[in-house]
Amino acid sequence: MRRWSLAALAALLLVACGGQDAPRVDTSAPASIDLTSPAFEDGDAVPPRHTCDGEDVAPPLRWSGVPDGAATLALVLDDPDAPGGRFVHWLLAGLPTASAGLGGGRDRP
């Protein structure tokens, strides 16, 4: 079973959208968003329930530390060491900045 850090499993990205009047995002330093899952610890193997070897349901995810001024959030599940090379399993965009996580289970993307 592979061991992934939560950072490698999923990355929360800030997305600013809109026209020329859209708020500017300070890109001089990367945002620090804390991403956790009650289903497994950082660096642990992803439990089989959350893989194609099990029920293939999304793990619950929680995040905090969304920077002030963020317009929206996107969540990307990127597998950098998939057997066939880097693979994006799924992505969500347009998550409200006031959100603090996803419940997991069958509400997966």
Side-chain angles (χ1 to χ4, degrees):
M1 176 80 51
R2 278 189 247 169
R3 295 192 181 278
W4 298 350
S5 71
L6 282 173
L9 178 66
L12 282 173
L13 305 174
L14 296 175
V15 178
C17 57
Q20 65 189 35
D21 295 328
R24 297 202 179 260
V25 176
D26 180 4
T27 58
S28 60
S32 177
I33 298 176
D34 184 40
L35 177 66
T36 61
S37 177
F40 58 98
E41 295 294 321
D42 188 23
D44 284 354
V46 176
R49 177 173 192 260
H50 303 293
T51 72
C52 60
D53 294 329
E55 296 172 55
D56 197 20
V57 295
L61 297 173
R62 304 287 177 259
W63 55 81
S64 62
V66 175
D68 291 338
T72 186
L73 298 173
L75 178 66
V76 179
L77 177 66
D78 179 36
D79 186 351
D81 56 339
R86 175 166 249 124
F87 183 78
V88 175
H89 290 272
W90 48 261
L91 66 92
L92 291 170
L95 295 166
T97 57
S99 63
L102 297 170
R106 291 290 174 201
D107 68 346
R108 70 188 173 95

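Once rounded to the nearest 0.5 Å, the distance linking CG of Leu102 with CZ of Arg62 reads 8.0 Å. To the nearest 0.5 Å, atom CG of residue Leu61 and atom OG1 of residue Thr36 are 8.0 Å apart. Here the OG1-CG distance, from Thr51 to Asp56, works out to 7.0 Å after rounding to the nearest 0.5 Å.
His50 places a side-chain heavy atom less than 4.5 Å from the side chain of Val57. Residues Pro67 and Ile33 have side chains in contact (heavy-atom distance under 4.5 Å, counting atoms from C-beta outward).
Heavy-atom minimum distance, Ala39 versus Pro59: CB-CB, 4.1 Å. In plain terms, the two heavy atoms of Phe40 and Ala45 that are nearest each other are CB-O, 4.1 Å. Annotation for Ser99 and Trp63: closest pair O-NE1, 3.0 Å, computed over non-hydrogen atoms.
Residue pairs meeting the salt bridge (charged side-chain N to carboxylate O under 4.0 Å, His left out) criterion with at least one member in residues 88-99: none, sequence neighbours excluded.
Distance alone, capped at 3.5 Å, places no donor-acceptor pair between the Thr72 side chain and the Pro96 backbone.
Under a hydrophobic-cluster definition in which Ile, Leu, Val, Met, Phe, Trp and Tyr are linked whenever side-chain heavy atoms come within less than 4.5 Å, directly or via other members, Leu73 and Trp90 are assigned to the same cluster.
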